[in-house]
Amino acid sequence: MIRERLQERLDRCFDQGVGKGFWSAAAAGRYAVEDPKQAAHGDFATNLAMVVAGLEKQKPREVAAHLLELLGDHGDLIEKAEIAGPGFVNFFIRETVWQSVLPELCRQGPAYGRSDIGQGRKVLVEFVSANPTGPLSVGHGRQAILGDAIARLLQHTGHTVTREYYYNDAGRQMRVLGESTRARYLEILGLPHQFPEDGYQGEYINDIARQLVKTRGDELKDEPAVQPFKEAAEQAIFADINATLARLGIVFDNYFNEHTLYDNGKIDAVVAALRDKGLVYEQDGAVWFRTTEFGMDKDRVIIKNTGEPTYRLPDIAYHLEKFRRGFDWMVNVFGSDHIATVPDVLAGIKALGCDDSKVTVVIHQFVTLMQGGKQVKMSTRKANFVTVDELLDEVGADVVRFFFLMRRAEAPLEFDLELARQQSQENPVYYVQYAHARLCSVRQQAEAKGVLRGRLEEAPVARLTTDEEIELLKALASFPELVSHAALALEPHRIIYFLQDLAGRFHGFYSRHRVISDDHELTQARLWLVEGLRIVFRNGLVMMGMTAPESM
RNA sequence: GCCCUCGUAGCUCAGGGGAUAGAGCACAGGAUUCCUAAUCCUGGGGCCGUAGGUUCGAUUCCUACCGGGGGCACCA
């Protein structure tokens, strides 16, 4: 907001400069309002003079002098503007501007930070998409939370979001799952059985088999088909996955079964369409897609010589379906192990006339669990992997969410179990939540003492003048812009960093200044500051799917 | 071999075409008659992987190389 006002001011000066012949219009749109790293360099800076000078073969500091001349009277926005360094113009914003942020923030309350930059655009966020072969692992957990946080960011910025879970219950994996279940079933009945070589060894298979014995007795002992076992397992596991997701506060709008693509002929339609464009051919009994036409090193099989499609074909059909359903933006959250599928799918939809720039793939790296400074080794197939449920049992949803959002997606995530378990200062989750609780506590103290905040319209914000207060106000002022940027970049970790930083600033302020004092006016002003901080902590935490406890 | 990704403080990581590169942890020391000490304050700590290139300016962009991770199936 404040940045925009400055930008507009600058643009006007730039145009006037063109009019006066100081410079040409060549630099229009090429200069920026930046955030200086150092406080001594002001609140904002512009590189306008250097950009213009570069294009016009002028001296940067002379251009900057012209700019200051055009700026003339500073108005109610700028306190001071000065030329610095190689030709920066640094701007110092009036304190009153920062102070005026507070009433507006408090007026907006829960809406502060929200925006309409999405303008209702329809966005599909696809994530988790794990086939129901077992409980969610920590890797899925990261993806679930990352995907959900991205969805939340988009919802907070005026996008119409659909969360979708894509799965396939027809593949080899699921067959092995059914066979594993059958083997356990027969085992419980004391009948001869053969456990599949690459079967699923988790205890949950036993649970499912036991349940099957309970409900069906031994009536399945001679069942030739794997189907009933598979179905029972799938159902149980899906219920389990959904329960885990619910514990995390994640609710999908839609579960898309790959099978529907076969049933309604979408798979065949893709092959036919590609064939029409001469992009498929047959060789060695298989059907190949000419991905080399799209810059790839070799062509790819889309239908095996067994007649079964490879994963690429349904993936392409699925994405075409997303386009058909009218989404303006399709966000896929994948683990880095699925990275190879991306180019094939993009090539497929592009070949069939879709705009692949509407698809954004967020690839996240793996999670390493750390215990006592050592890595916890995990194997999915074997029984020894840590599930999201176990993590939730240990540390709770807020901690799990926070830890999984602490790193940007492309960075590997080290999940320190010991740190996560600590209910203390060490744990960054509590550091942030404690700030919120403290703010609530101050509010309660004031109420208990009968100290009233007074009316918002009359809040004496001009009394907020200490460095700590102004810094807090600046941070609060930057929140909406931060949310917008985080949403468009699909980077929820920025919110986490912001909250940690804000918590640090608040705790610093708190230990140096008293909110409730004999100075009635100052107390009122600070109570409103407390209210503004409380709102932003709350909005930030809730936006990331976490709770904002009022006491700890 | 090819593709993707990462390389920033002892550790885990932010940042990012600009002016003196940050946080947390760890380490050392200190703060509580007073709104929650799950807090705060002070201190040391860095050829931003290496070498080139683009630029007025590169830790940031480009190229190559080195190192870690992931992928390169008629598995998903």
Side-chain angles (χ1 to χ4, degrees), chain A residues 32 34-38 40-41 45 47 50-51 53-55 57 59-60 84-88 90 129-131 133 167-168 171-173 258 283-288 296-298 300-312 314-315 334-343 363-366 368 370 373 406-414 416 419 422-435 437-446 448-449 451 493-494 496-498 500-501 503-504 506-517 523 526-527 530 551-552:
Chain A
E34 304 172 338
D35 303 306
K37 285 182 192 157
Q38 290 173 66
H41 295 148
N47 57 358
M50 285 177 302
V51 172
L55 293 167
K57 305 277 175 231
K59 293 199 171 109
F88 289 104
N90 295 333
S129 294
N131 285 341
T133 59
Y167 72 102
N168 161 28
R172 202 190 67 90
Q173 276 182 38
E258 180 187 308
Q283 190 182 306
D284 307 327
V287 178
W288 296 70
M296 264 161 265
D297 55 342
K298 55 185 167 193
R300 307 285 175 173
V301 170
I302 52 172
I303 300 176
K304 306 181 217 172
N305 57 19
T306 60
E308 264 183 302
T310 64
Y311 63 87
R312 291 180 192 96
D315 274 6
F334 289 161
S336 61
D337 54 336
H338 279 63
I339 197 165
T341 71
V342 174
I363 299 282
H364 67 87
Q365 293 294 317
F366 287 138
T368 331
M370 299 297 280
M406 270 196 312
R407 305 283 171 250
R408 61 195 225 276
E410 311 87 71
L413 192 146
E414 211 166 89
D416 187 334
L419 180 61
Q422 283 183 54
Q423 308 232 340
S424 72
Q425 46 191 9
E426 319 270 304
N427 196 326
V429 187
Y430 299 126
Y431 184 77
V432 172
Q433 289 187 325
Y434 179 60
R438 228 180 190 182
L439 288 158
C440 292
S441 171
V442 173
R443 187 170 64 165
Q444 274 164 12
Q445 279 292 326
K449 289 178 183 169
V451 182
H493 74 273
R494 295 197 200 182
I496 300 296
Y497 274 89
F498 172 84
Q500 290 191 92
D501 178 71
F506 165 62
H507 288 311
F509 160 78
Y510 183 88
S511 64
R512 269 185 289 265
H513 304 284
R514 286 194 61 79
V515 174
I516 302 164
S517 67
T523 299
R526 286 186 171 163
L527 282 173
V530 163
S551 68
M552 286 173 72

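Protein chains get the first letters and strands the later ones, always in sequence-line order, with residue 1 at the start of each.
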note: Gln422(A), atom CD; U12(B), atom P; distance rounded to Å ~ 18 Å

From OH of Tyr510(A) across to P of A38(B) the rounded distance in Å is 11 Å

- Query: When we call it a touch if two heavy atoms are under 4.0 Å apart, what does Arg443(A) touch: a base, just sugar-phosphate, or nothing?
  - Reply: nothing

Across every strand shown, the nucleotide meeting Watson-Crick or G-U wobble geometry with A31(B) (both distances under 3.5 Å) is U39(B)

Parallel, tilted or perpendicular, as decided by the 30° and 60° cut-offs, for the rings of Phe334(A) and His338(A): tilted

Of the listed C40(B), A76(B), C72(B), the closest approach to the Arg300(A) side chain comes from C72(B)

Applying the 3.5 Å cut-off to both distances, the Watson-Crick or G-U partner of A64(B) turns out to be U50(B)

Under 4.0 Å, heavy atoms only, any strand: does Thr310(A) hit a base, just the sugar-phosphate, or nothing? sugar-phosphate

Paired to C2(B) by Watson-Crick or G-U wobble criteria (both distances under 3.5 Å) is G71(B)

Using a heavy-atom cut-off of 4.0 Å across all strands, would you classify Ala286(A) as base, sugar-phosphate, or nothing?
base

- Message: At 4.0 Å (heavy atoms only), tell me whether Asp297(A) reaches a base, stays on the sugar-phosphate, or touches nothing.
- Response: nothing

Partner of Pro412(A) under side-chain contact (heavy atoms from CB on, under 4.5 Å), picked from Arg407(A), Gln365(A), His364(A), is Gln365(A)

What's the gap between C25(B) and U63(B) when it is taken at their P atoms, as a whole Å value? 38 Å

* Have a look at Ala446(A) and say if it touches a base, only the backbone sugar-phosphate, or nothing, with a 4.0 Å heavy-atom cut-off. => nothing

ask   = Below 3.5 Å, does any donor atom in the side chain of Asp501(A) face an acceptor in the base of A23(B), or the other way round?
value = no

TODO: Pick base, sugar-phosphate or nothing for Arg408(A), based on heavy-atom distances below 4.0 Å to the nucleic acid.
DONE: sugar-phosphate

Base, sugar-phosphate alone, or nothing: which one does Ser517(A) contact when heavy atoms must sit under 4.0 Å apart? nothing

- [ ] For Asp284(A), answer base if it contacts any base atom (sugar-phosphate contacts may also be present), sugar-phosphate if it contacts only those atoms, and nothing otherwise; contact means non-hydrogen atoms under 4.0 Å.
- [x] base

Here the distance between atom P of A73(B) and atom CE of Met296(A), to the nearest Å, is 14 Å

Kindly indicate whether the side chain of Arg526(A), heavy atoms from C-beta on, has any atom under 4.5 Å from the side chain of Phe509(A).
-> yes

Applying the 3.5 Å cut-off to both distances, the Watson-Crick or G-U partner of G22(B) turns out to be C13(B)

field: Distance-only donor-acceptor check, side chains Arg438(A) and His507(A), under 3.5 Å
entry: yes

Tyr430(A) atom OH is separated from G24(B) atom C1', nearest whole Å, by 17 Å

### Task
Measure the distance between the ring centre of Phe88(A) and the centre of the six-membered base ring of A19(B), then answer whether it is under 5.5 Å with planes under 30°.
yes

Is there a side-chain contact between Glu410(A) and Ile363(A) in this structure, where contact means two heavy atoms from C-beta onward sitting under 4.5 Å apart? no

(request) Respond yes when some side-chain nitrogen or oxygen of Arg438(A) is under 4.0 Å from OP1 or OP2 of A37(B), and no when none is. (result) yes

Item to complete: Determine the contact category for His507(A): base if any of its heavy atoms lies under 4.0 Å from a base atom, sugar-phosphate if only primed atoms, P, OP1 or OP2 are that close, otherwise nothing.
Response: sugar-phosphate

Tell me what Asn90(A) touches on the nucleic acid: a base, only sugar-phosphate, or nothing, going by heavy atoms under 4.0 Å.
base

- Query: Looking across every strand, which nucleic acid part, if any, lies under 4.0 Å from Ala40(A) by heavy atom: base, sugar-phosphate, or nothing?
  - Reply: nothing

* **Atom P, compared across G68(B) and C75(B): separation rounded to whole Å** => 31 Å

Face-to-face stacking of His338(A) with A76(B), centres under 5.5 angstrom, angle under 30° | no

pair_partner(U55(B)), Watson-Crick or wobble, both distances < 3.5 Å, evaluates to none

Whole-Å distance, Ile339(A) CD1 to C4(B) C1', equals 4 Å

Taken to the nearest whole Å, CD/Glu414(A) to C1'/G24(B) is 14 Å

message: Mind checking if His364(A) touches a base, just sugar-phosphate, or nothing, with heavy atoms under 4.0 Å?
response: nothing

Gln365(A) CD to G71(B) P, in whole Å, measures 10 Å

Quiz prompt | Side-chain donor/acceptor of Gln38(A) to base of U20(B), under 3.5 Å | solution = yes

Under 4.0 Å, counting only non-hydrogen atoms across every strand here, what does Ala84(A) touch: a base, just sugar-phosphate, or nothing?
base

